[in-house]
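Order of the sequence lines fixes the chain letters, A, B, ..., with proteins taken first and strands second; residue numbering starts at 1 for each chain. None of these values were measured; they are calculated from a predicted model.
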There are 2 protein chains.
Amino acid sequence: MNIKMSDVAKAAGVSLATVGRVLHNNGYVSEDKRREIERIIKEMGYIPNRIAQGLKSSRSNIIGHLTLFNTNMQFKEISSAISAAAANSGYHVLTLTSHMGLGEEEQQINDLIGHRVDGVILTSYHSISKDLIGRLIENHIPVVMIERTYDMPMVDRIVVNDRASSLGAVRHMLEKGHRRIAFIGSKLGHQVEEDRYAGYLDALNEAGIVPHEDWVQVMPEYSIEAGRMAIDQLLRAGQPPTAIFMTSDIYACGVLQVLYERGLRVPDDLSLIGYDNTLSALLSPPITSVGLPFKEIGDHALQLLLQRMNDQAALSSTIGIDPFLMDRHTVREWKGD
Amino acid sequence: MNIKMSDVAKAAGVSLATVGRVLHNNGYVSEDKRREIERIIKEMGYIPNRIAQGLKSSRSNIIGHLTLFNTNMQFKEISSAISAAAANSGYHVLTLTSHMGLGEEEQQINDLIGHRVDGVILTSYHSISKDLIGRLIENHIPVVMIERTYDMPMVDRIVVNDRASSLGAVRHMLEKGHRRIAFIGSKLGHQVEEDRYAGYLDALNEAGIVPHEDWVQVMPEYSIEAGRMAIDQLLRAGQPPTAIFMTSDIYACGVLQVLYERGLRVPDDLSLIGYDNTLSALLSPPITSVGLPFKEIGDHALQLLLQRMNDQAALSSTIGIDPFLMDRHTVREWKGD
DNA sequence: AGCCAATGTGTTAACGTTAACATACTATTA
DNA sequence: TAATAGTATGTTAACGTTAACACATTGGCT
């Protein structure tokens, strides 16, 4: 079967301990034996059994990552960034995808505990309760939450300053002269969505504009179809908006499709800003979008995890992330009301 | 620390074996003890340590998945499908992403062996050599290759009938009356790309058309920019094509952008078919694309893996997958030459 | 010479789970 | 009545790795 340390030891005519010392580069081993053992290891293709190592050390070298199926693209990007960061630190990532509301999350938390992962990173609008996260903590598994966070002892957080960046994006429209600025977002209740909506209101407020209720389209889901319905409503309004701020690029897809069908052009007929910066570059035209620094988020998440592995009892820390405005010039100058 | 079987046994005043019998539902346990032990397990929150189980059984319940960074979207979809299929069978997936050409693949193969994964699924145009795959086989780890496959004993394969479906897609254009049909693909050498190109030629051949060399744009990468450059070239041709078949939706993004800028419309001015069906629904307009049955591919991959776990020595099997044409009406009727 | 530090090597008891084996008590049945 | 099958429970040796401990041997120092 698989070659083990004892096979190497036997082949080299030494004890397990000596092979161990060669493998870990510690203790005393005579130069010639070291070389011989190294040769044999390579020749036999010996690879340490991480399962046995894990049992001994109670560390699996695996990080668990819980995310949501079919979610906003931005979380897929964050997932990639986490994997990359983990690989750089010698960890591997076990990604579990939840389909929300099926009660599978409890199972998944148990699976992660069962596998004795060295830490867990949570993204997306998962429906994991504080209770379930508490279970991880009880088992001494560090937890980092991204975007959707709980205020719990021993749990570290990465929060994105969605409100400020939304404010910035809408301010950008105001600066170009727009006054009738619409909003397309997803069902409120998600912290992220509330923040983006709040930022939108902040900007209008700042400019002394009272948002017309027709301008605010809150959709039940992230989808192209939702985007299509939203723009359809907006175009129907008595005073249609001259610019639209959307909380996800996916809405922009639907919006652009409807505009394309009706022969309306961006930004000539309508100015647009999306959010995520995940799809915006693909579209016709590529649209201005609020971008999240995915790599930075992944790096910070891992860093928080490693930090807590070293000091389980430390106070919770929170890292704030600032999105940026990726300007692709889909907000035109607007003269008028 | 973590609760273990012996803690449960002690709390229940029984031996390890009895707790084991309750956990595995085998052997004889008196009804009252069983209930008492189950109660204690729940109360103490005991979760079996999979690492210890793995050491005993030499099975990790983890499947390794090797894929490529920044690749065609279709492989991300296949990855998701694999994870879903694995979850259904009680496995978890450890996904390793290679950046190709950095020689990190050897490390990754070793990592997978080290973790004693129960099987490995390979997707994408990875640069894993037969040698490295051989190392997995030597360690009795079943391997399934998707799309890019090797003919090796003990290695099972999933091949997509790209040639036939490309033929079908181009035939669809021919049937609508198009004669000047262009091709945008990626650098040949990838089997997948060669097949798609061959299918394109097959169709033209069938119709007795000799493809003009200006019509064939072979790009060095999958990117929007490549799509933009390709369409730019095609529009410059003396006799510009009336329809374009592309080997990836990502090219369609670039193509549509350039057409948008120039005020050309799809399919009025130009007919398009993409490939992947990953982005095509997002675009303006949504375009017809060759779709791959991702779920089916993931399910088959897992099935092959499980099959081989049961019979290591079986002959290699190959499953053929047929793509379908997702018609979004971006090929118009064409009267003329 | 006697002692100590440095060097080189081996033995063994964990880590948590599993399953083979052993033991013992009942209730049948020939 | 004694053998046997069925029920109920416990003991223990693995799985592969690690690290604490133990034991030698050498060389240099007082």
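Of the listed nucleotides (dT17(D), dT9(D), dG16(C)), dG16(C) has the atom at the smallest distance from the side chain of Leu55(A). Minimum atom distance to the side chain of Ala52(B) is reached by dG16(C), of the listed dT9(C), dG16(C), dG10(D). Between dT18(C), dG16(D), dT9(C), one nucleotide has an atom nearer to the side chain of His24(B) than all others, and that is dT18(C).
The residue among Ser6(A) and Glu31(B) whose nearest nucleotide of DNA chain D is located toward the 5' end is Glu31(B).
Interatomic distance, CD of Glu138(B) versus CG of Asp131(B), reported as 8.5 Å (0.5 Å rounding).
Taking 3.5 Å as the limit, the base of dG10(D) and the side chain of Arg21(B) contain a donor-acceptor pair of atoms between them. For dT17(C), its base never sits under 3.5 Å from the side chain of Lys56(B) at any donor and acceptor pair. No donor-acceptor contact under 3.5 Å links the side chain of Arg116(A) to the base of dG16(C).
We find that CG of Asn49(A) is positioned 13 Å from C1' of dT18(D), with the value rounded to whole Å. Rounded to whole Å, atom P of dG16(D) lies 12 Å from atom NZ of Lys10(A). Distance Leu16(B) CG to dA14(D) C1': 14 Å, rounded to the nearest Å. Atom CD1 in Ile47(B) sits about 15 Å away from atom C1' in dT17(C), given to the nearest Å. Atom P of nucleotide dA8(D) and atom CD1 of Ile37(B) are separated by 12 Å, given to the nearest angstrom. Between Arg59(A) atom CZ and dT18(D) atom C1' the separation is 14 Å, expressed in whole Å. Separating the CD1 atom of Ile113(A) from the C1' atom of dG16(C) is a distance of 16 Å, rounded to the nearest angstrom. Going from atom CD1 of Ile51(B) over to atom C1' of dT18(C) covers 16 Å, rounded to whole Å.
Salt-bridge check for Lys33(A) with Glu36(A): failed, with every basic side-chain N at 4.0 Å or more from each acidic carboxylate O. Ion pairing between a basic and an acidic side chain is recognised when a charged N comes within 4.0 Å of a carboxylate O; Glu38(A) and Lys42(A) show no such pairing.
Taking 4.0 angstrom as the limit, Ser30(A) places a side-chain polar atom (N or O) nearer than this to OP1 or OP2 of dT9(C). OP1 or OP2 of dG10(C) sits under 4.0 Å from a side-chain N or O of Thr18(A). Side-chain N/O atoms of Gln53(B) include none lying less than 4.0 angstrom from OP1 or OP2 on dG16(C). Side-chain nitrogen and oxygen atoms of Ser57(A) include none within less than 4.0 Å of the OP1 or OP2 phosphate oxygen of dC15(C). Note on Lys33(B): every side-chain N or O is 4.0 Å or more away from OP1 and OP2 of dA8(D). For Tyr28(B), no side-chain nitrogen or oxygen approaches OP1 or OP2 of dA24(C) to under 4.0 Å.
Asp156(A) and Ser317(A) share a side-chain donor-acceptor pair at under 3.5 Å. In this structure, a donor-acceptor pair under 3.5 Å is present between the side chains of Gln107(A) and Asp111(A).
For the pair Ser79(B) and His65(B), the minimum side-chain heavy-atom distance is below 4.5 Å.
The residue Lys4(B) sits close only to the backbone: its heavy atoms come under 4.0 Å of sugar-phosphate atoms, none of a base.
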